[in-house]
Visitor: 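First, the structure itself, so that you have it in front of you.
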Amino acid sequence: MRCPLCGSDIDGNTCVTCPECGAAISGSIRLFSAIALVEDAVISFMLLSMILLVLVQIVLRNFYAAGISGGAEMVRHLLLWVAFLGAAIAAREGKHIKIDIAQRILPPRPKNFVEILTGLFTTIVCALLLYASIRFIRADYGLGTTIPFFNLRIWILELVIPLGYGAVTLRYALRSTQAFLKLVKGM
């Protein structure tokens with residue numbers, strides 16, 4: 001099982017707090033674990049679909065001088081899914097790219113303060129991007145464009161953008177809250 005805040009591996013049967021970040025482990029861990037399983041399964045399915053679609057396109061073009069209408073566009077949208085789900089998974093496991101010089105040199109209390117500030121900044125930026133992505137989806141919804149062969153509306157494929165930003169926003173908000181609580185408790 002993984003900690004919902006820092007992504008560390010924990011033994012869910014014996015731990016009441018995460019040994020890595022000190023987060024309290026409660027009954028909601030099952031919900032976070034279920035969400036993690038869904039994320040992992042969907043990203044695996046999307047990656048496999050993308051690979052298979054590209055392979056089918058290669059075979060059709062090289063041997064039959066044909067292709068799937070809208071195949072390249074579908075692959076681009078599948079890549080979008082892999083990228084945004086990957087960002088959500090990286091946020092879940094605390095593995096986003098970051099400059100962590102402050103984390104290495106500061107004592108625990110100032111380190112928590114810096115973690116709160118960076119978490120709040122990330123939360124605000126992702127929340128703004130979430131808002132912008134919702135507006136983007138609404139604009140594409142109004143256009144009604146589709147991918148021909150698959151008869152899929154493009155806005156459906158782009159739903160991963162607000163979903164991904166929403167997941168990252170929530171995870172960094174939780175992480176900031178946890179760091180704030182550690183600062184208040186004096187850890």
Visitor: Out of curiosity, F84 CZ to S133 OG, how far, rounded to the nearest 0.5 Å?
Guide: 7.5 Å
Visitor: I need the full list of salt bridge (charged side-chain N to carboxylate O under 4.0 Å, His left out) pairs touching residues 37-57, with sequence neighbours left out, sorted by first then second residue.
Guide: E39-R92, E39-R171, D40-R92
Visitor: Determine the minimum heavy-atom distance between T169 and C126, stating which atoms define it.
Guide: OG1-CB, 3.1 Å
Visitor: Can you give the donor-acceptor pairs under 3.5 Å from side chains of residues 49-56 to other protein atoms, not counting sequence neighbours?
Guide:
residue: S49; atom: OG; partner: F45; partner atom: O; Å: 2.8

Visitor: Please determine whether residues I89 and L80 belong to a single hydrophobic cluster, defined as Ile, Leu, Val, Met, Phe, Trp and Tyr linked transitively by side-chain heavy-atom distances below 4.5 Å.
Guide: yes
Visitor: Do you know the tightest heavy-atom contact between P110 and P107?
Guide: CD-O, 3.2 Å
Visitor: How many angstroms lie between atom NZ of K182 and atom OG1 of T177, to the nearest 0.5 angstrom?
Guide: 13.0 Å
Visitor: With sequence neighbours left out, what residues match E115 under side-chain hydrogen bond (donor to acceptor under 3.5 Å, both in side chains)?
Guide: none
Visitor: When you group the ILVMFWY residues by side-chain heavy-atom contacts below 4.5 Å and let the links chain together, are W81 and L79 in the same group?
Guide: yes
Visitor: Identify every side-chain donor-acceptor pair in residues 57-78 under 3.5 Å, counting partners at least two apart or on other chains, and give the distances.
Guide:
residue: Q57; atom: OE1; partner: I68; partner atom: N; Å: 2.6
residue: N62; atom: ND2; partner: I58; partner atom: O; Å: 3.4
residue: H77; atom: ND1; partner: E73; partner atom: O; Å: 2.9

Visitor: Taking transitive links into account, so neighbours of neighbours count too, which hydrophobic residues share a cluster with Y172 at under 4.5 Å side-chain distance?
Guide: V168
Visitor: Donor-acceptor pairs under 3.5 angstrom involving side-chain atoms of residues 135-163: please list them, not counting sequence neighbours.
Guide:
residue: R135; atom: NH1; partner: Y131; partner atom: OH; Å: 3.3
residue: R153; atom: NH1; partner: G144; partner atom: O; Å: 2.8

Visitor: Flag the pair L117 / F113 as yes when at least one side-chain heavy-atom distance between them is below 4.5 Å, and no otherwise.
Guide: yes
Visitor: Taking a hydrophobic cluster as the set of Ile, Leu, Val, Met, Phe, Trp and Tyr residues connected by side-chain heavy atoms closer than 4.5 Å, whether directly or through intermediates, do V38 and L85 fall within one such cluster?
Guide: yes
Visitor: About how many Å separate CD of Q178 and CD1 of I116, when rounded to the nearest 0.5 Å?
Guide: 10.5 Å
